[in-house]
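Step one of this worksheet: look at the structure below.
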Amino acid sequence: MKFNRIILDKKISQKLFILKGRTGLTPNILCRFGLILSLKDPTVPDPKWYKQDGQELMRHVLLGDLDTILICLFKQRAYRDGVNLKDEKLLLELFRAHINRGAELLYNRIKNLSSIKELIDL
Amino acid sequence: MENRRRNLERGQRAMILTSLTLENVGLYKGKNVLDLRPKEGKNIVLFGGKNGTGKTTLLESVKLCLYGNNIYGYTKKQYEEFIKKLIHKGEKSAQVTLEFIYFSLESHDTYKVVRKWDLGKRFKEEFLLYKNGEIYKEIPREQWQEFISDIIPPSLVNFFFFDGEKIEKLAEDFSEVEFVNDVKSLLGVTVIDTLRTSLDILRKRYINQEDVSEEISQKLQELEEKRKTLEKELEKKLQSLADIENKKQVLERKLKTAEREFIEKGGEAFRSYERNKTRKEFLESEIEKIKNEIRELASKDLPLATGMDLVEELLVQLEMEKEIKRINFEKEILQNKLKELENILTPLSLDKEVLEKIRNLFSVNKEIKSDIILDLSEKENKTVEVVIQNLKTNTLGKAKNLFLKLENLEEELLEVESALQNVPEEEFIKPYLEKLSRLERKRMEYETIRKCLEEEIRKLEKEKNKVEKEIEKLESFIKQKMKKRMVIHIIEKSQKVIDRFRKEFVKRKIKILEKEILDAFYKLKRKENFIRDLHINPETFEITLFDVNNRKIPIDRLSSGERQIFAISFLWGLARASGKKLPVIIDTPLGRLDNEHRENLAKNYFPHISHQVIILSTDVEVDKELFEMLRTHISHSYQLVYDEDCMCTKVHKGYFWN
């Protein structure tokens with residue numbers, strides 16, 4: 001998968017901003033949690049739900065050291081959802097949708113830093 | 001004259017030239033040793049030589065040897081040219097050696113002065129001084145010249161080593177500047193004049209530094225006033241400081257009482273409130289620490305911990321893909337081998353069945369029904385494995401631990417906060433608490449004032465110190481001024497004394513000089529009564545002669561012969577007045593003298609002028625007649641003869657006829 005940056009939906013960006021206030025975690029870190037959350041959700045997000053008018057995240061900022069592994073997890077999910085993995089454009093759209101939806105899901109579940117604990121499979 | 005001899009015998013400072021050695025100087029080629037030492041109580045050493053045989057060279061060599069360029073004052077270049085001309089034609093080096101005995105009060109020592117010149121690549125002069133046969137070590141080499149000049153002052157040389165020309169010049173004009181200066185230094189006036197001039201320079205230097213004292217004393221006054229103001233202010237501040245310290249002490253006693261009251265009236269509750277407040281702060285900071293640790297983990301691999309199922313699935317998938325790849329790799333190898341084998345087997349046209357068997361042998365039955373979806377490189381695989389390994393063995397445990405701690409701390413914080421909210425606001429403590437805090441505030445206020453005062457005092461003291469230092473400096477400066485004024489006063493007084501001394505000194509010296517000159521003149525003059533008296537002006541050193549009737553005789557009224565005789569008397573007188581017992585060297589002294597005068601000189605002058613008289617003469621001057629007259633005083637004689645063959649002067653013993 002080749003991409004340099006992801007532009008989020010404006011509303012999602014705002015939610016990330018609020019989340020930052022609640023947890024002290026930066027939007028890129030929050031997006032990583034959100035991505036996992038979204039991948040765990042059995043429904044498939046629709047890229048059309050999200051515009052690209054919000055915060056811009058560079059790939060290396062967004063994924064950091066977890067780049068390979070997160071992309072793998074995403075591809076695995078896409079494969080399961082029957083997506084053609086050769087269709088790079090579609091793949092990227094879907095990835096963006098997961099990131100956006102993940103942030104939204106996170107927003108609904110996280111009240112403060114301690115509540116991260118509830119997301120973890122211990 | 002008898003007197004003088006006796007002086008010499010008594011061991012007064014005196015000097016005898018013992019030998020002069022000329023090597024390639026002027027007309028003297030090679031080494032020429034001339035014995036100058038008078039023998040058998042005779043005082044004259046006579047050198048005879050016709051014109052142009054090198055008589056003058058002898059006289060010059062003695063001066064040159066003793067003083068080098070100091071007596072000529074040439075530039076380096078001029079001196080070099082002068083010496084080059086002096087060196088015998090065709091020679092590259094030359095040398096003059098003068099040996100003499102110096103009688104001092106304690107002892108007598110032999111000295112040897114050597115001056116060598118070398119015309120090698122660069123002109124070089126060497127000056128050496130030996131004492132009693134050894135190089136002179138008592139004083140450093142640089143001071144040798146000074147030492148020589150002490151024994152025979154250059155200023156006296158003109159009175160002891162001179163030639164006929166000098167006499168003639170002097171006979172023509174007795175007020176010649178060069179001579180007047182020589183006379184001055186001979187009398188010792190030069191030293192006094194130098195001292196006076198130096199004192200004057202010193203005095204001017206001191207005077208120039210005057211006339212600022214008005215300004216300074218005004219400044220000093222200002223500074224004194226400033227010091228007084230500062231002292232007053234300082235006193236005030238110190239008083240305030242003492243006041244505040246007092247007040248503070250009183251206050252602190254009150255504070256203690258108030259505290260005691262507060263504790264007695266149930267301050268314990270307040271104290272636990274304080275404790276809870278501290279605890280709350282502590283908990284909050286601990287929580288923040290833990291949270292930061294969690295955030296740190298969150299920025300690493302913690303997010304993965306929220307999807308462990310997914311991660312496990314991923315691991316399975318990756319393992320499977322690896323396996324597929326391995327099988328595919330194996331298949332490929334076997335297929336290649338089979339192809340090679342078939343190439344070998346086909347020409348053998350084997351049975352179809354056998355061929356099929358062989359094919360089966362190479363086929364791989366293993367098949368995994370799955371797609372490669374991730375297709376990671378080996379390196380990527382490794383990275384993923386490492387991350388997951390760390391997640392399982394480290395991060396999960398750490399996170400669990402941190403969240404547990406956080407939970408506990410947050411629980412405790414809730415408890416403490418509710419306890420804080422529940423502090424009973426007991427009405428009766430309030431007034432004590434208020435009193436306590438009021439007193440505390442007051443104490444802080446006093447403390448601030450005290451600190452301010454201390455700071456101000458420190459500044460004032462610093463300033464005062466500065467002013468005091470300035471005052472001290474000015475005072476010492478003024479003291480010095482006073483000292484300087486004293487110095488000026490002393491200088492002026494000294495100058496007056498010196499002036500008086502100089503006047504008196506010159507008067508006496510001149511009286512001696514007058515007497516000595518007149519004495520000498522009487523000895524040489526045939527008309528005994530012609531000149532009766534002689535005056536020398538102490539300022540201008542002008543000479544006035546008086547006759548029997550005390551009438552002035554203008555010098556130019558004397559005949560040229562008389563004037564020469566007078567000039568000789570003058571030189572003799574000066575030499576005697578100098579008090580030095582030095583050899584006399586006279587070069588062709590008898591130029592224009594008539595027979596009678598020459599006889600006088602032979603009888604009265606040469607035998608008595610010095611304990612050592614070296615006469616350089618032509619056969620016309622000291623002729624047969626005169627030679628006979630001098631014979632009893634002549635120690636020995638030399639004759640200088642110019643040799644056409646070697647184009648040089650040869651030195652023979654004896655005189656023209658002797």
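Residue numbering restarts at 1 for every chain, and letters A, B, ... go by the order of the sequence lines.
- For B:D371, the parts lying near chain A are the backbone and the side chain together; criterion is any non-hydrogen pair under 4.5 Å.
- Between the CG atom of A:L113 and the CG atom of B:L406 there is a distance of 6.5 Å, given to the nearest 0.5 Å.
- For the atom pair B:K400 NZ and A:I120 CD1, the distance stands at 11.5 Å (nearest 0.5 Å).
- Looking only at heavy-atom pairs under 4.5 Å with chain A, the residue among B:V384, B:L374, B:I388, B:L314 that has the most is B:L314.
- With values rounded to the nearest 0.5 angstrom, A:I116 atom CD1 is found 6.0 Å from B:F403 atom CZ.
- In this structure, the portion of A:L66 lying under 4.5 Å from any heavy atom of chain B is its side chain and not its backbone.
- Atom NZ of B:K322 has more than 12 neighbouring heavy atoms from other residues, nucleotides or ligands inside a 6.0 Å radius.
- In the displayed structure, B:K337 atom NZ is contacted under 6.0 Å by at most 12 heavy atoms of other residues, nucleotides or ligands.
- Contact annotation for B:E313: both backbone and side-chain heavy atoms come within less than 4.5 Å of a heavy atom of chain A.
- Among residues two or more places apart in sequence or in another chain, the salt bridge (charged side-chain N to carboxylate O under 4.0 Å, His left out) test is passed with B:K451 by none.
- Both the backbone and the side chain of B:L302 come within contact range of chain A, each with at least one heavy atom under 4.5 Å from a heavy atom of that chain.
- No other option in B:T383, B:L304, B:I290, B:D301 has as many heavy-atom pairs under 4.5 Å with chain A as B:L304.
- Contact annotation for B:L402: neither backbone nor side-chain heavy atoms come within less than 4.5 Å of a heavy atom of chain A.
- Within 6.0 Å of NZ on B:K398 lie no more than 12 heavy atoms contributed by other residues, nucleotides or ligands.
- Among residues 68-79 of chain A, the residues having any heavy atom closer than 4.5 Å to a heavy atom of chain B are, in sequence order, A:T68, A:I69, A:L70, A:C72, A:L73, A:K75, A:Q76, A:Y79.
- Contact residues of residues 1-24 of chain A toward chain B are A:T23, A:G24 (heavy-atom distance under 4.5 Å).
- Only the side chain of B:V387 comes within less than 4.5 Å of a heavy atom of chain A; its backbone N, CA, C and O stay farther away.
- Counting non-hydrogen atoms of other residues, nucleotides and ligands closer than 6.0 Å to CG of A:D65 gives a total of 12 or fewer.
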Original post:
Where do A:S114 and B:E407 land on the side chain to side chain contact (heavy atoms under 4.5 Å, CB included) test, with the steps shown first?
Top reply: CA-CA 7 Å; A:S114 302; B:E407 205 174 5; over 6 Å; no
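- Within residues 27-46 of chain A, the residues approaching chain B closer than 4.5 Å by heavy atoms are, in numerical order, A:I29, A:R32, A:F33, A:I36, A:L39, A:K40.
- Only the side chain of B:I294 comes within less than 4.5 Å of a heavy atom of chain A; its backbone N, CA, C and O stay farther away.
- The local environment of CD in A:E88 is crowded, with over 12 non-hydrogen atoms from other residues, nucleotides or ligands closer than 6.0 Å.
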